[in-house]
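Take a look at the structure set out below.
What you see is a predicted model, and the numbers here were worked out from it, not measured in a lab. Order of the sequence lines fixes the chain letters, A, B, ..., with proteins taken first and strands second; residue numbering starts at 1 for each chain.
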Amino acid sequence: MQKPLIDYLPSRFWLMKTEPDVFSFSDLEQRLGQCEQWDGVRNYQARNFMMQEMKVGDKILFYHSNAQPSGIAGLAEVVEAAKPDLTALNPKSEYYDPKATPENPRWYAVTVGKPKKLHRFVSLAELREYEPLKEMLLLRKGQRLSILPVSQTEFNHILQLAILHK
DNA sequence: GCCAACGTTGGC
DNA sequence: GCCAACGTTGGC
């Protein structure tokens with residue numbers, strides 16, 4: 001069996017939003033095995049990124065939203081490809097979706113792991129200051145998607161920011 | 001807590 | 001397929 005060509009694509013870069021009150025970067029660090037399935041996503045575009053585009057090894061900017069302040073809290077990686085999000089099948093879960101069935105689970109999620117600390121937190125306000133980041137999807141007006149592709153240039157630039165002290 | 005900007009739902 | 005109503009996101 002030939003490996004699908006898509007598996008030969010270089011790993012890519014993503015930004016994943018989470019509310020730190022619900023699940024924070026330090027929560028990921030403290031998880032057993034330091035990984036967590038990214039369940040609870042109930043937006044098709046975000047789901048499709050996870051199902052169709054995200055590959056093991058892809059790098060992640062771990063973003064805290066609805067926070068004081070909001071911003072990039074750390075790095076992580078995709079450690080397991082998308083599999084069914086079982087919270088959708090659990091009536092007791094706050095993420096329960098009555099339209100999901102075991103035959104057609106409807107929602108899928110990758111597993112995120114390998115948390116890596118940055119030297120410092122990079123706030124949303126700071127990201128907005130830099131010309132090279134002007135095109136970032138995150139900074140677009142009205143952008144609410146919880147999973148966003150990030151270019152290699154943007155990713156590298158943010159890494160530099162997090163290394164240099166402001 | 002406010003509210004703009006989206007996404008989803010469901011009647012027609 | 002249209003679109004009004006509603007729910008959600010997320011910065012501020």
Side-chain angles (χ1 to χ4, degrees), chain A residues 12-31 36-54 58-78 82-113 115-151 153-155 157-162 164 166:
Chain A
R12 290 180 292 185
F13 306 92
W14 304 93
L15 181 145
M16 298 180 87
K17 297 181 188 174
T18 171
E19 299 190 28
D21 292 348
V22 179
F23 187 77
S24 70
F25 184 70
S26 68
D27 289 334
L28 178 64
E29 290 181 306
Q30 285 158 34
R31 274 287 185 282
E36 180 82 355
Q37 191 183 13
W38 208 255
D39 54 24
V41 170
R42 296 293 178 266
N43 170 284
Y44 284 106
Q45 227 182 319
R47 181 203 70 174
N48 292 345
F49 280 143
M50 290 200 282
M51 282 180 80
Q52 299 164 13
E53 316 249 4
M54 295 175 84
D58 283 6
K59 302 288 191 282
I60 297 164
L61 298 171
F62 196 107
Y63 180 86
H64 283 175
S65 63
N66 261 320
Q68 298 92 40
S70 294
I72 314 280
L75 303 176
E77 285 184 32
V78 176
K83 59 186 180 187
D85 174 352
L86 299 180
T87 63
L89 299 172
N90 178 3
K92 292 194 182 120
S93 169
E94 60 176 313
Y95 303 123
Y96 177 61
D97 178 354
K99 290 181 181 162
T101 64
E103 298 72 36
N104 182 9
R106 201 171 193 218
W107 301 107
Y108 288 74
V110 299
T111 300
V112 171
K116 190 161 180 63
K117 274 196 171 69
L118 292 171
H119 294 180
R120 66 187 183 89
F121 181 89
V122 182
S123 74
L124 176 62
E126 186 180 347
L127 293 176
R128 290 192 191 283
E129 292 174 14
Y130 298 100
E131 183 69 23
L133 298 179
K134 257 181 65 181
E135 299 300 315
M136 270 193 89
L137 291 174
L138 175 72
L139 306 183
R140 296 234 177 121
K141 185 177 171 186
Q143 181 53 263
R144 302 183 314 170
L145 249 195
S146 65
I147 300 177
L148 297 167
V150 172
S151 77
T153 313
E154 290 161 353
F155 187 89
H157 195 86
I158 290 168
L159 264 192
Q160 290 297 316
L161 287 181
L164 303 171
K166 199 183 177 191

Practice problem: Begin from the C-alpha positions of A:I72 and A:L127 and carry the test side chain to side chain contact (heavy atoms under 4.5 Å, CB included) through to its verdict. | Solution: CA-CA 9 Å; A:I72 314 280; A:L127 293 176; 4.1 Å; yes
Practice problem: Check each residue of residues 18-28 of chain A for a non-hydrogen atom within less than 4.0 Å of any atom in DNA chain B, then write out the ones that pass by number, or none. | Solution: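 Within residues 18-28 of chain A, no residue comes under 4.0 Å of DNA chain B.
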Quiz item: When the nearest nucleotide of DNA chain B is assigned to A:N66 and to A:Q143 on a heavy-atom basis, which residue is associated with the more 5' position?
Solution: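 Closest to the 5' end, via its nearest nucleotide, is A:N66.
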Quiz item: Is the distance between the ring centroids of A:W38 and A:Y108 under 6.0 Å?
Solution: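 No, they do not, as the ring centres are separated by 6.0 Å or more.
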Roughly how far apart are [X] [atom1] and [Y] [atom2], rounded to 0.5 Å?
| X | Y | atom1 | atom2 | answer |
| --- | --- | --- | --- | --- |
| A:Y44 | A:M51 | OH | CE | 10.5 Å |
| A:L124 | A:Y63 | CG | OH | 4.0 Å |
| A:L161 | A:H119 | CG | NE2 | 13.0 Å |

So which protein nitrogen or oxygen atoms get under 3.5 Å of nucleotides 7-11 of chain B's nitrogens or oxygens?
unit_1, atom_1, unit_2, atom_2, d
B:dG7, O4', A:R144, NH2, 3.2

Self-check item: No-hydrogen, no-angle side-chain donor-acceptor test under 3.5 Å, A:T87 and A:R42
Solution: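 Distance-only check passes for A:T87 and A:R42.
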Practice problem: Check for a donor-acceptor pair, side chain of A:Q37 on one end and backbone N or O of A:A109 on the other, with a separation under 3.5 Å. | Solution: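 Side chain of A:Q37 to backbone of A:A109: a pair is present.
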Quiz item: Would you call A:E77 and A:K116 a salt bridge, taking side-chain N to carboxylate O under 4.0 Å as the test?
Solution: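 Answer for the salt bridge query: no.
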Report all interatomic pairs (protein N or O, nucleotide N or O of nucleotides 3-6 of chain C) with separations under 3.5 Å.
none

Quiz item: Quantified as the angle between the terminal helix axes (five pairs each), what is the overall bend of the helix from B:dG1-C:dC12 to B:dC12-C:dG1 to 10 degrees?
Solution: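 About 10° separates the two local helix axes.
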Exercise. Starting from the C-alpha separation in whole Å, work towards a yes-or-no answer on side chain to side chain contact (heavy atoms under 4.5 Å, CB included) for A:M54 and A:M16.
Key: CA-CA 12 Å; A:M54 295 175 84; A:M16 298 180 87; 3.8 Å; yes
Quiz item: In terms of the angle between their ring planes, are A:F62 and A:F25 parallel, tilted or perpendicular, with boundaries placed at 30° and 60°?
Solution: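 Perpendicular: the ring planes of A:F62 and A:F25 meet at over 60°.
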Side-chain donor/acceptor pairs under 3.5 Å, residues 17-24 of chain A, sequence neighbours excluded:
unit_1, atom_1, unit_2, atom_2, d
A:K17, NZ, A:L145, O, 3.1
A:T18, OG1, A:F23, O, 2.6
A:E19, OE2, A:N66, ND2, 3.4
A:S24, OG, A:S26, N, 3.4
A:S24, OG, A:S26, OG, 3.2
A:S24, OG, A:D27, N, 3.1
A:S24, OG, A:D27, OD2, 3.3

Quiz prompt | Selection residues 99-109 of chain A - residue pairs positive for salt bridge (charged side-chain N to carboxylate O under 4.0 Å, His left out), sequence neighbours left out | solution =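 Sorted pair list: A:D97-A:R106.
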